[in-house]
Number of protein chains: 2
Amino acid sequence: MNKRVTIKDVAKKTGLSISTISLVINNKGNVSEETKQKVLQAIEELGYYPARSARSLASRKTGNIGFILTEEHFSRSEPFYTKIFLGTEFESRAYNYYVLLTTVPTQFSKSAIPRFLLENNVDGVIFAGKINQKYVKYVEELGLPYILVDYDLSGKKVSAVMIDNVGGGEMATDHLLKLGYRKVAFIGGDIEHPSIRGRFEGFKKALEKAGVECAVDMCVVEEPDTRVINGYRACEKLFTKLKPEAIFAANDAMAIGCLRFLKEKGIKVPDEVAVVGFDDIEACIHVEPRLTTVRVDKEELGVVAVKHLVEMIRKPNSGINRVYLPVKLVVRDSCGAKKKGFYVFDDSKIDESLI
Amino acid sequence: MNKRVTIKDVAKKTGLSISTISLVINNKGNVSEETKQKVLQAIEELGYYPARSARSLASRKTGNIGFILTEEHFSRSEPFYTKIFLGTEFESRAYNYYVLLTTVPTQFSKSAIPRFLLENNVDGVIFAGKINQKYVKYVEELGLPYILVDYDLSGKKVSAVMIDNVGGGEMATDHLLKLGYRKVAFIGGDIEHPSIRGRFEGFKKALEKAGVECAVDMCVVEEPDTRVINGYRACEKLFTKLKPEAIFAANDAMAIGCLRFLKEKGIKVPDEVAVVGFDDIEACIHVEPRLTTVRVDKEELGVVAVKHLVEMIRKPNSGINRVYLPVKLVVRDSCGAKKKGFYVFDDSKIDESLI
DNA sequence: GTGAAAGCGCTAACAG
DNA sequence: CTGTTAGCGCTTTCAC
């Protein structure tokens, strides 16, 4: 490694003491504007950057944020959580933090505790997606500030950045209702998950508003999780007894499962059944017909999480932060709106340019 | 923060000096098995973990690996580079490294130099995908070991983990040839990219082996990049003058573009034209028909990169590492092999279970 | 406003 | 084989 430029070099060059330099770097204390400028200039000229490790050691702050999610979530095919991470990575630059990402097994295990927690190498933690409560508890006991993203702990007041699931579910259902469908079904898995619950709630709310009865057998919510295959199965169950006009699936993966089942059975979408999903994952524009869905701004979830977490790090005991991020209906082909001649803004061009 | 357990506490508890503890931790020098055990036990009992920052400061090693890719690559819809990152993250645990990910603009800019480079906060760097040579040069001048993944610098002997593009291209083309197609076209964009070049090379090699002429107008390689839209355009160009029996696209995105074009024109796949892609991205199983392609093990690319990089960090001047990772043909529906009754291993179940 | 000095927790010679 | 000692580069009282 080349000889590193240190704070001493800056001190020497300016004829000041290292403590003054330090004060300038950290924008602390009372330093005259004049010396401040002198220092800043010297820093610039020398190309000086404070060493992380030295700062951490002396200040007892790491400058790192931990990002924890389950292996299951990260290895999911669609990059939902990846995008959240991207958002945090981007935002954390503004605050001069590094984001350390790690995955943990779904089941809590003492041996799986992230290294950065054991090594005291983060100032705060972001949990993305469903996570075993024990991990959260462990971080809490460490006294570290933390925030959940796209998840919530029932019966516990924690900081969290959430999607407006209820609003989104309502929006999707309203849309189907507006298109004239009356026999509208809901398909969901892992119904204990706060997000899925919320979407279901929105669904019921919309039906109630419209004065449409929400039949029990029009709601298939027993699937263990929300993967494609379970969307397929749920749809199969639904069609053994009933023939809905429209389906609102709790997420895109399940909606795609529905599409798969319907195609196999030769049931035309959207002509015979309309389908709407939730999340707006990439696959939506690859399936046939392209899936109408509720768009979640994943990056934004990450950005907001960092904003709040940094605030919590900077002023401890500032209380709990809870935010709901708005969602947006993206109308494509699976809901039939276009065929019915409803005017809709076509997002497809935007989608394609992203690829 | 709770009172941290330090090396001193371990020394006190064991009645040894801190340097002995340090030796044990780092598995260095000659420490008697007896004291070693004693130390290890004390560490266990106290729940001691060495502080990163202190270690870094004293040893002048950060314990971090930088992971650099362009914004363009990371925001790509399919999680190709994300998976490579996942691989690095996973593997780096084994070596007790943290991976710091950052994106940079495609164009080099002095102000976009990753913070971890400015702050001297990494021991080595992984570049993923196509990257402006200036970034590489910058790292080189810093004296840091680095390795490229899925990219290469022409005229420069650098360490790199590469996909066996030539082999894969050959494999895909062989497959089409074996199915009886003779008029086989190649579609590629960004032909200056080493990977695309390699795939094209493999294509030509296979044709030559089979004694099939490689007509110039059967190769559309002028597109600026390899996105879906350019696959669409390239396919359009192709079909204005010719009618190939099969198409090998340089990657899945372009292959999907072909599928799109062909569907619009009412040309049946695989009945009228067979299509094969490269990469095996998620979308392959969502498109209709499902895309036959060449599978690249993305995680493995990351794993291997870390292995080599760590080696380079540990023994500097150990020379250049260059590896080619094998690929595998995944036969689905777009190539017509199944319809033609060829026996093929069906990967679809595996795919679905991943979702 | 600025400087001197004492660490932060660890590693790395060098003694013994 | 183990201990002593001097830093690594910075932050942080506390004087002046």
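Chain letters run A, B, ... following the sequence lines, proteins first and then strands; every chain starts at 1. No experiment lies behind these values; they were computed from the predicted model shown.
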Side-chain (B:Arg55) to main-chain (B:Lys61) donor-acceptor, under 3.5 angstrom: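 The answer is no, because no donor-acceptor pair under 3.5 Å joins these two groups.
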Could you tell me whether a side-chain N or O of B:Tyr98 sits under 3.5 Å from a main-chain N or O of A:Phe116, the two making a donor and an acceptor? yes
Of A:Val99, A:Val149, A:Leu101, A:Leu148, which meets side chain to side chain contact (heavy atoms under 4.5 Å, CB included) against A:Ile126?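 Exactly one pass, corresponding to A:Val149.
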With no angle test and no hydrogens, is the base of D:dT4 tied to the side chain of B:Ser19 by a donor-acceptor pair under 3.5 Å? yes
Would you check if there is a donor-acceptor pair between the side chains of B:Thr35 and B:Ser32 at a distance under 3.5 Å?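 Yes.
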Do A:Arg115 and B:Asn96 have side-chain N/O donor and acceptor atoms under 3.5 Å apart? yes
What pair of heavy atoms forms the shortest contact from B:Ser56 to B:Thr62, and how long is it? OG-O, 3.6 Å
Heavy-atom pair with the smallest gap, counting every atom of B:Ile313 and B:Pro145: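 So the minimum-distance heavy-atom pair works out to CG1-CG, 3.7 Å.
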Just the endpoints, please: which first and last nucleotides of DNA chain C, 5' to 3', lie under 4.0 Å from a heavy atom of chain A?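 Terminal contacting nucleotides, 5' to 3': C:dG1 to C:dG9.
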At less than 4.0 Å, is any side-chain N or O atom of A:Tyr48 found next to OP1 or OP2 of D:dC10? Yes or no. yes
D:dT2 OP1/OP2 closer than 4.0 Å to side-chain N/O of B:Ser17: no
Protein and nucleotides 6-8 of chain D: nitrogen or oxygen contacts under 3.5 angstrom:
residue, atom, partner, partner atom, Å
D:dC8, O3', B:Arg60, NH2, 3.3
D:dC8, O2, B:Leu57, O, 3.4
D:dC8, O2, B:Ala58, N, 3.2

Of B:Ser32 and A:Ile7, whose nearest nucleotide on DNA chain D comes first from the 5' end?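 Nearer the 5' end of the strand: B:Ser32.
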To the nearest Å, how far apart are A:Asn26 CG and D:dG9 C1'?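 A:Asn26 atom CG is separated from D:dG9 atom C1' by 13 Å.
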Between D:dT2 (C1') and B:Lys36 (NZ): distance, integer Å: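 Those two atoms, NZ and C1', are 14 Å apart.
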Can you confirm whether B:Phe80 sits close enough to B:Asp150 that some side-chain heavy atom of one is under 4.5 Å from a side-chain heavy atom of the other?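 With C-beta onward as the side chain, the pair touches.
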Sugar-phosphate, base or nothing in reach of A:Thr35, heavy atoms under 4.0 Å: sugar-phosphate
